[in-house]
Amino acid sequence: QVQLVESGGGSVQAGGSLRLSCTISGYTYSSYSSYYLGWFRQAPGKEREGVAAIRRSTGSTYYADSVKGRFTISRDSARNLLYLQMNNLKPEDTAMYYCAGDFVIVNGVPQSTERTSWGQGTQVTVSS
């Protein structure tokens, strides 16, 4: 069973940057069956939403409109790592961020399913 462990969250002021990392274990990057890896977030009182995804085979990327041009998803296949570089952060980016696998892309946006695997989450807080 795959394990996903996030790190890199924290508190920053608006306009600042953070880089989240996700360590994938339990499978080698090449043997993990999920077509996509990505990041979701959940703010207090709101539903979890897809933020960014990367297709493992091709490296194609997908972003929610709210983060396009500010967030960049990337992966290090050899080290089983997934990253989310977040620039020009806004207070509305404040949320718990989750690394995820086994989800689908709907209209260019990551969407979870019953099979989605989750990390434990890392908190990102952006102050104005």
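Computed from a predicted structure; not experimentally measured. What's counted below: heavy atoms across the whole structure, side chains too, no hydrogens, waters or symmetry copies.
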ask   = If you measure from CG on L89 to OG on S127, what distance do you get to the nearest 0.5 Å?
value = 10.5 Å
note = When every non-hydrogen atom of T61 is compared with those of I73, the smallest separation belongs to CG2-CG2, 3.6 Å
Step-by-step side-chain contact (heavy atoms from CB on, under 4.5 Å) determination, R41 to V67 = CA-CA 12 Å; R41 67 185 181 187; V67 306; 4.0 Å; yes
task = Look only at the side chain of E6 and the backbone of Q120, and say whether a donor-acceptor pair between them is shorter than 3.5 Å.
result = yes
query = Hey, does the side chain of Q85 reach the backbone of T72 with a donor-acceptor pair shorter than 3.5 angstrom?
reply = no
request  = Mind running side-chain contact (heavy atoms from CB on, under 4.5 Å) on F103 and Q111 for me, showing each step along the way?
outcome  = CA-CA 6 Å; F103 54 86; Q111 184 166 316; over 6 Å; no
query = If every non-hydrogen atom of L4 is compared with every non-hydrogen atom of C22, which pair is closest and at what distance?
reply = CB-SG, 4.0 Å
inquiry  = So which atom in P91 and which in S128 form the shortest heavy-atom distance, rounded to 0.1 Å?
reply    = CG-CB, 3.9 Å
query = To which residues is V104 joined in a hydrophobic cluster, defined by side-chain heavy-atom contacts under 4.5 Å among Ile, Leu, Val, Met, Phe, Trp and Tyr, whether direct or through other members?
reply = V106
request  = For R55 and S60, indicate whether the former's side chain and the latter's backbone hold a donor-acceptor pair under 3.5 Å.
outcome  = no
task = Would you give the length of the straight line joining atom CG of L84 to atom CZ of R75, rounded to the nearest 0.5 angstrom?
result = 14.5 Å
request  = Walk me through it: do W39 and L82 pass the test side-chain contact (heavy atoms from CB on, under 4.5 Å)?
outcome  = CA-CA 9 Å; W39 296 90; L82 183 72; 3.5 Å; yes
request  = Decide yes or no on side-chain contact (heavy atoms from CB on, under 4.5 Å) for L20 and V124, but give the supporting numbers first.
outcome  = CA-CA 9 Å; L20 305 183; V124 171; 4.0 Å; yes
request  = Keeping to residues at least two apart or across chains, list the ring-ring contact (aromatic ring centres under 6.0 Å, His included) pairs with something in residues 60-100.
outcome  = Y36-Y62
request  = List the atom of P110, the atom of V51, and the distance in Å for their closest heavy-atom pair.
outcome  = CG-N, 4.2 Å
query = Hey, does the side chain of S117 reach the backbone of A100 with a donor-acceptor pair shorter than 3.5 angstrom?
reply = no
query = So how far is it from S66 OG to D93 CG, rounded to the nearest 0.5 Å?
reply = 7.0 Å
request  = Might you point out which heavy atoms bring V2 and I24 nearest each other, and give the distance in Å?
outcome  = CG2-CG2, 3.7 Å
key: Set of salt bridge (charged side-chain N to carboxylate O under 4.0 Å, His left out) partners for R19, sequence neighbours left out   = none
query = Got a donor-acceptor contact below 3.5 angstrom from the T94 side chain to the V126 backbone?
reply = yes
ask   = Hey, are D65 and K68 close enough for a salt bridge, meaning a charged N less than 4.0 Å from a carboxylate O?
value = yes
Which atom of G50 lies closest to which atom of V109, heavy atoms considered = O-CG1, 4.0 Å
